[in-house]
Protein chains: 2
Amino acid sequence: MATGRTHRPATRSRGIPEATVARLPLYLRALTALSERSVPTVSSEELAAAAGVNSAKLRKDFSYLGSYGTRGVGYDVEYLVYQISRELGLTQDWPVAIVGIGNLGAALANYGGFASRGFRVAALIDADPAMAGTPVAGIPVQHTDDLDRIISDNGVSIGVITTPPGAAQQVCDRLVAAGVTSILNFAPTVLSVPDGVDVRKVDLSIELQILAFHEQRKAGEEAAADGTAAPAADEPAPPVRATPTNRKGPEGDMPAVMPA
Amino acid sequence: MATGRTHRPATRSRGIPEATVARLPLYLRALTALSERSVPTVSSEELAAAAGVNSAKLRKDFSYLGSYGTRGVGYDVEYLVYQISRELGLTQDWPVAIVGIGNLGAALANYGGFASRGFRVAALIDADPAMAGTPVAGIPVQHTDDLDRIISDNGVSIGVITTPPGAAQQVCDRLVAAGVTSILNFAPTVLSVPDGVDVRKVDLSIELQILAFHEQRKAGEEAAADGTAAPAADEPAPPVRATPTNRKGPEGDMPAVMPA
DNA sequence: CTATCTTTGTGCACGCGTTCACAAAGACAT
DNA sequence: ATGTCTTTGTGAACGCGTGCACAAAGATAG
């Protein structure tokens, strides 16, 4: 999953822990599903199961919002949907701009989950002049030169970056200069932003690498359980240390450096 | 960011904390960039800056892998690239299957970051018979009916789900039954999997909602700093409680329920 | 060989997040 | 009205992650 806000060192926003905020959308989704099935009330146990979390955690999370439950009964679904929506700021309209209309940018523009919940794709921006005017998902692509004006005119405060990594920081700087204060970054780059600007990153490559780590570990454990000798790759750090004059891996030659 | 592993409750894998594992890909990326510029060594301070983290944290992270640095000098870039790659399991080939070739699935198939770093798109799978045979990113799409065989034949252990939410759990079950033990889920659904299977989720909608929360909060603080009266949406929980017979928001009528 | 200087590796303390376990609160039946 | 039963809300304990601050290690110069 994409993780980690940058800057603003874990300040509790209005007393609501960051971890709780990250789970509210999950609860909201489960509650919306219940609401569509016209379920009037739900217990913490049921809702927690639907959201895939511990029921105690869910109750504690809700306790930060206020006392919205009824003991012996549970939570009123409609009321809770409204309260969480309000808390997350989804009762207002959020115009969003997507910068970098390649495969991913176009896919996001077409993504249905965007339009619902108060988020509206207000503008698509790309650096390629040939794309200017071409409609993507029914919205004409505009050129980067007009970025500043586009952001201002539409009152965009949330920007989505889907550019190649090399362009990400520059685009980010321009977005921030134009007034954007929240950025969702899909480019595999560490963005640096001034205080007061929130950045969240979604990084496919990182997610896969984390999965690979656990996958390798599972394979190693399995082999150990089979009584097979553990693979060399799973052994502790080798005694041979690399020095500037001795650059070799423990098992001989160093493999070719992998591309980014 | 996509966040949160499901199941397997925070077990320290071979002594390496989960939080550290999640940062290793970040370090690896920064190190690879240095390697391409032929930088021989790097200090924890420099590398930490490039990766966007605290230098003490970076040193502690590396200490879990072993003592790979040289006091007074820093870390050997090439050696560290190799060690982290090995630790993450990137020295081997990981065939990946993408299920659900819509806008997003196609975008991922075309994504360059996939191919590098040992991950290889081994198969594209979709439920639409009309798509079968159509090449996407140079790889012919295969039908869901053959999912089991495709996974087995290619030795796929990592699956990527980019289906509509309604199909995600079913696809997940089939993947797991076929032998997949790691899943990257882009569908906005809580997947339930048996023990031993890792799930990571990437959820655009959740990321946006978290950003909206902080955005709303920033707007509220700003207004308060201006001496303006705080907006009603930012005030503490209202005294009026909703009961099954009194379903109203604190400010009057309940807004229409939002779509999922 | 000794002294100095740089940078790592880590002991320690602190704070956040999670979980347990239970008292309090309300619904509901009698 | 009283008692029972269900479910919430939360106090308290625990564990993980973070960051400070410093001792130990090694490089480098004289």
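So that the names make sense, note that chain A is the first sequence line, chain B the second, and so on, each numbered from 1.
Summarising the geometry, the separation between CZ on B:Arg23 and P on D:dC16 is reported as 15 Å, rounded to the nearest angstrom. Rounding to whole angstrom units, CD of residue B:Glu18 and P of D:dG17 are separated by 8 Å. Atom CG in B:Leu58 sits about 13 Å away from atom C1' in D:dG19, given to the nearest Å. When rounded to the nearest whole Å, the span between CG of B:Asp76 and P of C:dT7 equals 16 Å. Following rounding to the nearest Å, A:Glu46 (CD) and D:dT6 (C1') show an atom-to-atom distance of 12 Å. Taking atom NZ on A:Lys57 and atom P on C:dT18, their separation rounds to 4 Å, with Å as the unit.
Every residue was checked against the salt bridge (Lys or Arg N to Asp or Glu O under 4.0 Å) condition with A:Arg59, not counting sequence neighbours, and none meets it. Take A:Phe62 and apply the ring-ring contact (aromatic ring centres under 6.0 Å, His included) test, not counting sequence neighbours, and it matches A:Tyr27, A:Tyr75.
Using a cut-off of 4.0 Å between Lys/Arg side-chain N and Asp/Glu carboxylate O, A:Asp198 and B:Arg217 are scored as not salt-bridged.
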Using a cutoff of under 3.5 Å, can you pull out all pairs of nitrogen or oxygen atoms linking the protein to nucleotides 8-12 of chain C, with atom names and distances?
{"unit_1": "C:dT8", "atom_1": "OP1", "unit_2": "B:Ser44", "atom_2": "N", "d": "2.5"}
{"unit_1": "C:dT8", "atom_1": "OP2", "unit_2": "B:Ser44", "atom_2": "OG", "d": "2.6"}
{"unit_1": "C:dT8", "atom_1": "O2", "unit_2": "B:Arg71", "atom_2": "NH1", "d": "2.9"}
{"unit_1": "C:dG9", "atom_1": "OP1", "unit_2": "B:Gly69", "atom_2": "N", "d": "3.1"}
{"unit_1": "C:dG9", "atom_1": "OP2", "unit_2": "B:Tyr75", "atom_2": "OH", "d": "2.7"}
{"unit_1": "C:dG9", "atom_1": "O4'", "unit_2": "B:Arg71", "atom_2": "NH2", "d": "2.9"}
{"unit_1": "C:dG9", "atom_1": "N7", "unit_2": "B:Arg59", "atom_2": "NE", "d": "2.9"}
{"unit_1": "C:dG9", "atom_1": "O6", "unit_2": "B:Arg59", "atom_2": "NH2", "d": "3.2"}
{"unit_1": "C:dG11", "atom_1": "O6", "unit_2": "B:Lys60", "atom_2": "NZ", "d": "3.2"}
{"unit_1": "C:dC12", "atom_1": "N4", "unit_2": "B:Lys60", "atom_2": "NZ", "d": "3.2"}

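Among all heavy-atom pairs drawn from B:Ser63 and B:Lys60, the shortest one is OG-O, 2.6 Å. A:Lys201 approaches A:Ile206 most closely through the heavy-atom pair CE-CD1, 4.1 Å.
Atom CD1 of B:Ile158 is separated from atom CG of B:Leu175 by 12.0 Å, given to the nearest 0.5 angstrom.
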